[in-house]
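Data first, discussion second: the structure below is written as structure tokens.
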2 protein chains.
Amino acid sequence: MTVHPGALSRSRRATKRPLLDVVAEVLLAQPGASLAEVAEFAGISRTTLHKHYATRDELVRAVGQRATDIWEQAVDRVADEPGTKAGLRQLLAAMIDSGPQLTFLWRNPALDEDNELTQRYIDVENRCLAVLDRARKEGVLAASTPDWWLLQTLYALVYTAAESIQFGKLAPLDAPDLALSTLLNGLGAPAAGAGSGKPDKGE
Amino acid sequence: MTVHPGALSRSRRATKRPLLDVVAEVLLAQPGASLAEVAEFAGISRTTLHKHYATRDELVRAVGQRATDIWEQAVDRVADEPGTKAGLRQLLAAMIDSGPQLTFLWRNPALDEDNELTQRYIDVENRCLAVLDRARKEGVLAASTPDWWLLQTLYALVYTAAESIQFGKLAPLDAPDLALSTLLNGLGAPAAGAGSGKPDKGE
DNA sequence: GCCGGGGTGAACAGTCATGTTCAGAACGGT
DNA sequence: ACCGTTCTGAACATGACTGTTCACCCCGGC
């Protein structure tokens, strides 16, 4: 398929973004995309793509590694205030920010093959669990909730918020608060008339 | 690869389950699985699979249609008590029960090509929205929450609960209550020292 | 101007999934 | 035993993707 000059230059601009981020998004939207499609979307030629990552497998694993890097940094950044609401908010914000990468990581069964990556994954997940556990001990999260459910719900909210942003439904700056509020308080109506929810102009 | 007689007869038993359900699970776990793998997993020959569904695309769309059927039935079943907590619980239970099928439907961008399916999808989704909206008007769900966020969170909880069950972390009978409680109350600690030992669905 | 690195397009062989056909086995009903 | 249906294994043609190579171009440094 021929690349139109216009389309190519348009893609060129996208090249400024880290290659692997673009790849993550493409492969997330179309898991079966060919390398030619991936390359075109990233604004480079298939040959060049092959020069950086010899095989498809290598490329996928590189995306996984980068996603893990990002996740790691996000978790590290909340090390200072681990158990507070603000800490949770910050963690959510950082993770939602990297929604596509993380979603790619979480949804790719193929990445389990890579032992090194799996080890890092477990590592970061444990640090995530530690943050949540700390929040539980601080009385921010319910003590009775199993840790795995906390974690899975966190993932679900990150993914949902990121998708809503990408879909244009949710403003990026609103996302962390919405996710945090949902995580902590749910979406049920406040018990009595005491309005705890943000007053919202009717739609 | 040759199929061992033992493995084959084992698969045969699985044939009792609707073919499309098995396909949904396989394609969910390994989106890139070949038709040969799908057929083997379903306990039939590739030839037979081709006889039922001429092309891969046709097969995928059939799975999507079936998933939509199931979803439709789940939503219909709560038509009698639309706005209550019990109604929401029932909806969650039915959807979690069909977690793999629904997840397959939600995660398959390729299905958007099928116009008929897309129309049905929108239809069911709207009925889902109606149920949630009703619950909001009844004071079960917070009035300020945007409908799309309600819906997405519902999806996320269904998917997460179903996955937790499949992973062996969550008992199927516990799932609806856990999901409902999380949806309504979140996972934050109760405001004061009022000891609530377990995720309560106190009425 | 010369040079080198990175990028590009084109072509190639190899591999694999797909879709199709066919002859025959297994099964169930008569 | 007969017959029709369904499933099966095998083989085949086709097409797509992959991974590789090579000649060439662009661009910035020397």
Side-chain angles (χ1 to χ4, degrees), chain A residues 1-24 26-64 108-111 113-114, chain B residues 1-64 104 108-111 113-114:
Chain A
M1 52 191 71
T2 317
V3 179
H4 305 261
L8 192 118
S9 65
R10 177 165 50 73
S11 310
R12 268 287 164 70
R13 277 192 294 129
T15 309
K16 291 180 178 176
R17 304 186 42 207
L19 173 62
L20 293 180
D21 286 2
V22 180
V23 177
V26 178
L27 289 186
L28 197 59
Q30 302 173 351
S34 73
L35 292 186
E37 291 173 296
V38 173
E40 185 185 354
F41 207 96
I44 62 178
S45 79
R46 190 169 74 95
T47 311
T48 306
L49 184 60
H50 266 298
K51 203 161 292 180
H52 287 306
Y53 307 96
T55 75
R56 185 192 186 94
D57 198 66
E58 194 177 320
L59 175 64
V60 169
R61 262 180 293 155
V63 175
N108 243 311
L111 292 176
E113 311 291 312
D114 188 327
Chain B
M1 54 187 66
T2 317
V3 179
H4 305 260
L8 191 119
S9 64
R10 178 166 49 73
S11 311
R12 267 287 165 71
R13 277 193 294 128
T15 308
K16 291 181 177 175
R17 301 187 44 206
L19 173 62
L20 292 180
D21 286 2
V22 180
V23 177
E25 283 170 36
V26 177
L27 290 185
L28 196 59
Q30 302 172 351
S34 74
L35 293 185
E37 291 174 295
V38 173
E40 185 184 352
F41 207 97
I44 62 178
S45 78
R46 190 169 73 95
T47 312
T48 305
L49 183 60
H50 266 297
K51 202 159 291 180
H52 286 308
Y53 306 96
T55 75
R56 185 192 186 94
D57 197 67
E58 194 177 320
L59 175 64
V60 169
R61 262 181 294 157
V63 175
F104 177 89
N108 244 311
L111 292 175
E113 311 291 310
D114 188 327

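Values reported hereafter were calculated over all heavy atoms of this structure, with side chains retained and with hydrogens, waters and symmetry mates removed. Below, chains carry the letters A, B, ... as their sequence lines are ordered, and counting in each starts from 1.
One N or O donor and one acceptor, one from the side chain of B:Arg46 and one from the base of C:dG19, sit under 3.5 Å apart. If you check distances only, the side chain of A:Thr47 does reach the base of C:dG9 with a donor-acceptor pair under 3.5 Å.
Distance CD (B:Glu40) to C1' (D:dG9): 14 Å, rounded to an integer number of Å. Residue B:Arg56 contributes atom CZ, which lies 5 Å from atom P of C:dT18 at whole-angstrom precision. A:Glu58 has its CD atom 14 Å from the C1' atom of D:dT20, to the nearest Å. Between the NZ atom of A:Lys51 and the P atom of C:dG5 there is a distance of 12 Å, rounded to whole Å. With rounding to whole Å, B:Leu49 atom CG is found 13 Å from D:dT8 atom C1'. Going from atom NE2 of B:His50 over to atom P of C:dT20 covers 8 Å, rounded to whole Å. In this entry the distance linking OH of B:Tyr53 with P of C:dA17 reads 22 Å, nearest Å. Remark: P of C:dG6 and CG of A:Leu19 are 15 Å apart, rounded to the nearest angstrom.
By the 4.5 Å heavy-atom criterion applied to side chains, B:Val60 and B:Tyr53 are not counted as neighbours.
Each of B:Leu35, B:Leu49, B:Val38 was scored for a side-chain contact (heavy atoms from CB on, under 4.5 Å) with B:Arg56, with one residue passing: B:Leu35.
Atoms CZ and CG, from B:Phe41 and B:Leu27 in turn, are 10.5 Å apart once rounded to the nearest 0.5 Å. Rounding to the nearest 0.5 Å places CD of A:Glu40 at 9.0 Å from OG of A:Ser34.
In the set D:dG9, C:dT18, C:dG9, C:dG9 carries the atom at the smallest distance from any side-chain atom of A:Ser45.
A sub-4.0 Å separation between OP1 or OP2 of C:dG7 and a side-chain N or O of A:Thr48 is absent.
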